[in-house]
There are 2 protein chains.
Amino acid sequence: MSLSIKDIARLSGVSTATVSRTLSAPEKVTRQTREQVMQVVEEHGYRVNSMARNLRRQRADSVLALVPDLGNPFFSAIFAGIQDRLSQAGVDLLVADNRSLHPSGRSVLSQLRDARADGLICLDGGFSDEARRELAASGMENRVVFACEWPMAGGFPSVRSDNREGMRLAIDYLAGLGHRCIAYCAGPAGNVLNIERRAGAQEALAAHGLTLPDSRVFEGDFSLQAGEKAAQVFVEMAERPTAVICASDQLAMGLIHGLSKHGIHAPRDVSVMGFDDIITSAYFLPALTTIRQNRLGLGVEAATVLLDLIDGKSVPRDHVVTLPVSLQIRASTAVPR
Amino acid sequence: MSLSIKDIARLSGVSTATVSRTLSAPEKVTRQTREQVMQVVEEHGYRVNSMARNLRRQRADSVLALVPDLGNPFFSAIFAGIQDRLSQAGVDLLVADNRSLHPSGRSVLSQLRDARADGLICLDGGFSDEARRELAASGMENRVVFACEWPMAGGFPSVRSDNREGMRLAIDYLAGLGHRCIAYCAGPAGNVLNIERRAGAQEALAAHGLTLPDSRVFEGDFSLQAGEKAAQVFVEMAERPTAVICASDQLAMGLIHGLSKHGIHAPRDVSVMGFDDIITSAYFLPALTTIRQNRLGLGVEAATVLLDLIDGKSVPRDHVVTLPVSLQIRASTAVPR
DNA sequence: TGCAGTGCTGTAAAGGTTTACATTTTTTCT
DNA sequence: AGAAAAAATGTAAACCTTTACAGCACTGCA
């Protein structure tokens with residue numbers, strides 16, 4: 001149905017090699033030949049068949065982004081960043097959900113092995129040993145970069161926000177407002193971001209002579225629901241904190257929502273801060289004071305590192321790109337009563 | 001570096017054809033041969049090279065999802081639905097942003113032509129004539145399905161929510177509450193969803209003997225910012241509506257946020273409804289009364305139709321799958337004062 | 001025993017490129 | 001003008017599978 005390079009060669013009276021060169025290295029071909037070939041190409045709307053090209057070049061011209069949950073809107077900005085960068089390089093973006101298996105029962109990671117993707121951007125720090133083995137078996141361990149999250153054990157380049165610094169900004173700000181009794185509304189226990197942020201908060205509190213006892217940590221995950229549950233714990237506390245710093249904006253929103261049901265309002269009764277600066281934060285009521293992560297930038301940087309890796313540029317095994325975060329002061333925080 | 005089917009054939013003492021059959025049609029091979037081959041396969045961790053397979057089979061085993069803006073979190077649930085369905089069929093999901101061009105300057109649609117994808121799920125109803133031509137040139141017009149949005153001119157199968165019915169539910173509910181003066185906060189002027197929803201609202205209002213004069217329509221787009229701008233218009237109205245139905249949840253949130261700056265609060269002073277039921281709606285303050293779209297379902301159905309199309313099953317050119325919507329009554333609406 | 005039918009397996013031809021190497025043409029230099 | 005160097009082009013192999021077709025070894029049947 002569709003024309004092949006052979007047809008174009010025949011039609012323009014040159015060899016397939018010349019057609020190929022005209023298309024991918026025009027400078028290697030006489031101007032005259034080039035024009036001759038290009039005319040036929042355009043006339044017939046010829047496009048190289050990328051499957052054949054990829055087979056020959058041993059390159060898929062696409063990379064895989066693996067997320068813990070495709071349905072989580074948090075990732076969309078990161079995808080946008082990845083795609084921005086990749087499209088400049090003519091590379092496609094394949095996305096997959098870490099939970100979904102191929103019908104064969106094999107993990108999505110096997111796609112790398114199948115030569116479907118040239119590399120992997122992993123947005124899920126919860127990286128099982130099995131996944132690591134599979135990666136090793138694929139000979140692709142050196143074409144992986146983690147974005148946003150990263151595996152605790154290390155061993156891969158990673159692009160991340162400066163989570164500790166973010167918490168320092170948050171705590172400094174709250175402490176500056178006069179808060180002395182600050183709680184932490186936590187993300188998932190094993191999650192590296194949660195661990196990092198909690199540690200950051202603790203460090204920053206210590207710098208102000210304050211502490212973060214376990215009793216002032218609300219365990220949960222990053223979700224709205226967990227925030228709402230935390231509200232329940234909050235109201236039952238003997239000595240209520242005057243401020244809560246949350247591990248995510250969704251937690252903060254859930255918390256504020258939950259507290260309001262008990263007649264406790266932010267920032268009047270308690271200051272609440274989020275982390276992430278997701279799109280709705282600025283429009284929440286009260287608008288959320290939060291730490292802004294550059295999610296687009298995370299995507300762009302991760303893609304950049306991966307493209308380098310694919311190009312064979314050497315990137316240290318534990319290379320870390322850390323992106324700055326910033327404090328967004330809005331309406332959910334105030335001086336303590 | 002990595003083993004090919006030839007190596008496996010040699011190592012297990014059979015021909016490449018037999019290895020291929022063992023892997024893709026095991027029933028065509030003796031049990032003994034099968035075991036013999038599989039042992040070698042597993043021992044060496046052999047995986048077929050999908051580029052070679054795809055070249056030979058003339059199939060990419062992947063589909064492209066095209067969105068107007070990858071960064072818009074609205075789409076994530078749809079992606080999740082698409083991927084769920086595709087992964088069952090062993091098909092990969094490629095995503096692309098309609099705005100981004102390949103370095104060659106060609107539109108992403110040319111990927112179809114390049115044989116990189118077997119079909120297209122388009123989430124962007126704003127389908128230019130040029131895009132349509134490019135699609136026609138690729139011989140892929142019959143492997144396209146629209147999800148969520150669809151092109152006004154028709155001509156492609158489409159999966160969508162029952163937008164009119166959604167507006168009927170909304171208006172019936174507001175009218176039942178006693179509202180007589182209802183405004184519409186609009187999405188982008190040319191957008192098919194906006195047009196459909198506005199028409200739906202108008203119809204439903206008429207059924208209650210009410211009207212929607214242009215003066216009571218706030219023009220905008222689907223964004224939070226547009227909602228906030230609408231608030232400005234609202235406060236300057238001579239006769240203020242008692243309720244506003246918005247074309248999206250983000251509009252509703254922006255509107256409520258904007259109004260609150262003028263001391264106008266939902267639902268006390270005005271009832272505000274959204275459309276979509278995005279993830280944060282239930283946790284907004286006030287929790288948003290809205291029309292729920294089954295975004296995951298949209299993705300699943302769209303993928304299903306596309307897979308049928310790819311399998312060569314006949315799907316009428318203008319086949320439409322309409323998914324039901326539902327009314328979510330929450331806290332942003334009340335009887336008029 | 002001969003023959004048709006059945007079930008496995010092997011051979012080799014696609015599938016559409018890219019590219020190393022060989023060959024031809026053009027340019028440059030003396 | 002002629003040789004050497006450089007540039008353009010052509011030939012054919014390689015990339016790794018799948019699959020049509022042919023061949024072979026059986027089985028069952030007359």
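Chain letters run A, B, ... following the sequence lines, proteins first, then strands; residues in each count from 1. Any value given below was found using the heavy atoms of this structure, including those in side chains, with hydrogens, waters and symmetry copies removed. Nothing here was measured: the structure is a model prediction, and the numbers come from that model.
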So what does [X] hit on the nucleic acid, given a heavy-atom distance under 4.0 Å: a base, only sugar-phosphate, or nothing?
X: A:Thr33; result: sugar-phosphate
X: A:Thr30; result: sugar-phosphate
X: A:Ser50; result: nothing
X: A:Ser20; result: base

So, do B:Phe146 and B:Phe127 have ring centers that fall under 6.0 Å from each other?
yes
Taking the six-membered ring for Trp, are B:Phe74 and B:Phe222 ring centroids under 6.0 Å apart?
no
So, OP1 or OP2 of D:dC16: does either fall under 4.0 Å of a side-chain N or O from A:Gln58?
yes
Quick check on DNA chain C: between A:Thr18 and B:Leu55, whose nearest nucleotide comes earlier from the 5' end?
B:Leu55
Can you measure A:Gln36 atom CD to D:dT9 atom C1' for me and round it to whole angstrom units?
12 Å
Assign each of A:Val29 and B:Ala17 to its nearest nucleotide of DNA chain D by heavy atoms, then name whichever residue's nucleotide is nearer the 5' end.
A:Val29
Can you list the steps and then say if A:Thr22 with A:Arg34 is a side chain to side chain donor-acceptor pair (under 3.5 Å)?
CA-CA 6 Å; A:Thr22 306; A:Arg34 187 164 58 223; over 6 Å; no
Distance-only donor-acceptor test (3.5 Å): side chain A:Arg56, base C:dT18:
yes
Taking the minimum atom-to-atom distance to the side chain of A:Ser15, which one of D:dT18, C:dT18, D:dG10 wins?
D:dG10
Measure from the side chain of B:Arg21, starting at C-beta and using heavy atoms only, and say which of C:dG10, D:dT19, C:dG16 lies closest.
C:dG10
